[in-house]
Amino acid sequence: MRRFLSIIIPLLVSLAAHSQDWKGIKADSGYVWGEGWGRTLDEADRQALSALVSKVTVSVTSDYRQVEQQVHGPNGDESSVLLSSTVMTSSSVTLTNARRVVLKSGRRFHVGRWIPVEDLEDVFSDRMERALEYERSAVIAERNGRIDDALRLHYWAYTLIRSLQRPSEARDGDGHILVNHIPEEINSILSRISVSCTGKTGDVLSLRFTCNGRPVQGLDYSFFDGTGWVRGTPVKDGNARLQMARGALCDYIQVRIEYVYRGEAVIDRELYEIMDVLDSARLRKSEFIFRR
């Protein structure tokens with residue numbers, strides 16, 4: 001009996017202390033919280049996380065809609081897409097960073113989950129800083145003639161900006177609204193690229209890629225080979241070769257310049273995960289059509 005009491009009393013004291021702390025968390029506006037109940041710890045924990053994510057969603061949505069939502073991207077009004085994506089990436093942050101407390105165990109578990117509001121703010125602040133760094137690197141890459149790197153870094157910056165809590169408020173040092181400015185920069189580069197067919201041998205075509213009249217050092221693209229879209233051989237020193245499907249009757253060649261570089265984004269894990277949530281922005285100036 002004494003041994004049983006020596007075990008159960010500290011446990012009850014611990015649960016009572018947690019319960020008191022939990023009341024303080026629920027009363028503090030500096031936290032977002034959720035709680036759940038269940039026959040197992042996992043069931044109660046899932047309910048608590050679901051409740052927490054729901055509250056974070058309401059909070060982020062409310063903050064987001066306080067800002068003017070007529071954000072015009074390359075495909076027109078993207079406000080609904082941006083809002084949905086912001087909520088989903090915020091929910092991902094919540095699931096990763098949430099603290100947990102077990103308030104009751106036994107036949108019915110009671111679990112609390114919470115996250116400090118400042119944790120969400122820190123995540124968005126870090127995204128903003130990385131976006132600005134990518135944008136600075138993109139400008140340098142373009143200046144040095146590395147068009148593929150410039151397109152990639154611009155787009156990665158744009159992706160992070162789109163995932164912010166208030167994307168239309170994000171500005172660079174010159175005051176540009178980045179959610180509008182970055183697509184303009186990408187389209188500016190794409191509009192200065194020219195693609196032409198310089199020769200053909202059977203189904204193999206030789207292509208020439210230039211930017212501002214100069215050979216492009218490096219670039220990635222895909223093309224329609226008559227049966228479907230396939231990745232072309234990388235552009236080097238302005239030259240590339242592609243092979244059409246045997247017997248393809250296409251009179252025109254369709255080429256799409258790569259700018260997303262999703263595979264390479266794995267070096268930035270959060271960016272990579274955000275790309276899973278956000279739809280890729282389609283930039284029409286990345287598409288070229290010319291006679292075979």
Side-chain angles (χ1 to χ4, degrees), residues 72-78 81-82 85 134 138 141-142 145-159 161-162 179-266 271-272 274-292:
H72 295 279
N75 294 320
D77 188 354
E78 293 187 324
V81 175
L82 290 171
S85 302
Y134 282 140
E142 182 182 358
R146 294 184 286 111
I147 302 304
D148 51 348
D149 287 337
L151 290 171
R152 172 176 59 84
L153 293 166
H154 274 309
Y155 189 79
W156 286 5
Y158 180 53
T159 299
I161 293 297
R162 291 172 72 203
V179 75
N180 295 330
H181 179 67
I182 296 177
E184 291 172 357
E185 290 296 296
I186 297 174
N187 278 322
S188 175
I189 294 173
L190 292 171
S191 67
R192 288 180 273 122
I193 294 175
S194 296
V195 187
S196 59
C197 179
T198 58
K200 57 184 177 180
T201 303
D203 294 323
V204 178
L205 281 66
S206 297
L207 301 184
R208 184 69 170 171
F209 292 76
T210 61
C211 184
N212 295 329
R214 299 178 180 178
V216 174
Q217 293 181 21
L219 203 62
D220 294 286
Y221 66 96
S222 58
F223 69 97
F224 189 78
D225 72 349
T227 60
W229 287 92
V230 296
R231 186 169 182 173
T233 58
V235 178
K236 292 186 177 180
D237 298 323
N239 299 310
R241 291 165 66 86
L242 60 80
Q243 182 164 356
M244 301 294 291
R246 180 172 295 181
L249 301 177
C250 304
D251 292 327
Y252 291 88
I253 306 300
Q254 301 177 63
V255 170
R256 290 177 179 168
I257 303 298
E258 173 64 33
Y259 53 87
V260 176
Y261 289 96
R262 185 180 183 280
E264 294 184 21
V266 72
L271 171 66
Y272 188 76
I274 290 171
M275 284 183 169
D276 277 341
V277 174
L278 289 174
D279 292 330
S280 296
R282 185 182 175 188
L283 303 178
R284 297 185 185 280
K285 289 189 177 181
S286 67
E287 301 179 6
F288 295 80
I289 300 177
F290 50 92
R291 184 173 290 279
R292 181 172 177 176

Close side-chain approach of [X] and [Y], heavy atoms under 4.5 Å:
X: Val179; Y: Tyr158; answer: yes
X: Leu151; Y: Leu190; answer: yes
X: Glu287; Y: Gln254; answer: no

Pairwise distance [atom1]([X]) to [atom2]([Y]) - rounded to 0.5 angstrom:
X: Lys200; Y: Arg241; atom1: NZ; atom2: CZ; result: 14.0 Å
X: Arg162; Y: Ile182; atom1: CZ; atom2: CD1; result: 11.0 Å
X: Ile161; Y: Asn180; atom1: CD1; atom2: CG; result: 11.0 Å
X: Lys285; Y: Ile193; atom1: NZ; atom2: CD1; result: 11.5 Å
X: Ile257; Y: Leu219; atom1: CD1; atom2: CG; result: 4.5 Å

Stepwise side-chain contact (heavy atoms from CB on, under 4.5 Å) check, Tyr259 with Ile189: CA-CA 11 Å; Tyr259 53 87; Ile189 294 173; over 6 Å; no
Please name all residues satisfying side chain to side chain contact (heavy atoms under 4.5 Å, CB included) with [X], sequence neighbours left out, ordered by chain then number.
X: Thr198; value: Ser196, Ser206, Arg208
X: Arg214; value: none
X: Arg152; value: Asp149, Trp156, Tyr261, Glu264

Residues that Arg262 engages under salt bridge (Lys or Arg N to Asp or Glu O under 4.0 Å), provided they are two or more places apart: Asp276
Check: Ser188 side chain, Glu184 main-chain N or O, donor-acceptor pair, under 3.5 Å: no
Under 3.5 Å: donor-acceptor pair, side chain of Glu258, backbone of Val260: yes
Between [X] and [Y], what is the shortest heavy-atom contact and its length?
X: His154; Y: Ile186; answer: CB-CG1, 3.5 Å
X: Phe223; Y: Gly232; answer: CE2-CA, 3.8 Å
X: Met275; Y: Ala265; answer: SD-CB, 3.8 Å
X: Leu207; Y: Cys197; answer: CD2-CA, 4.0 Å
X: Cys211; Y: Ile147; answer: SG-CD1, 4.0 Å
X: Pro215; Y: Gly238; answer: CB-CA, 4.0 Å

Residue pairs involving residues 179-211 (criterion ring-ring contact (aromatic ring centres under 6.0 Å, His included); sequence neighbours excluded): His176-His181, Phe209-Tyr221
Salt bridge (Lys or Arg N to Asp or Glu O under 4.0 Å): pairs with one or both residues in residues 219-232, sequence neighbours excluded: Asp220-Arg231
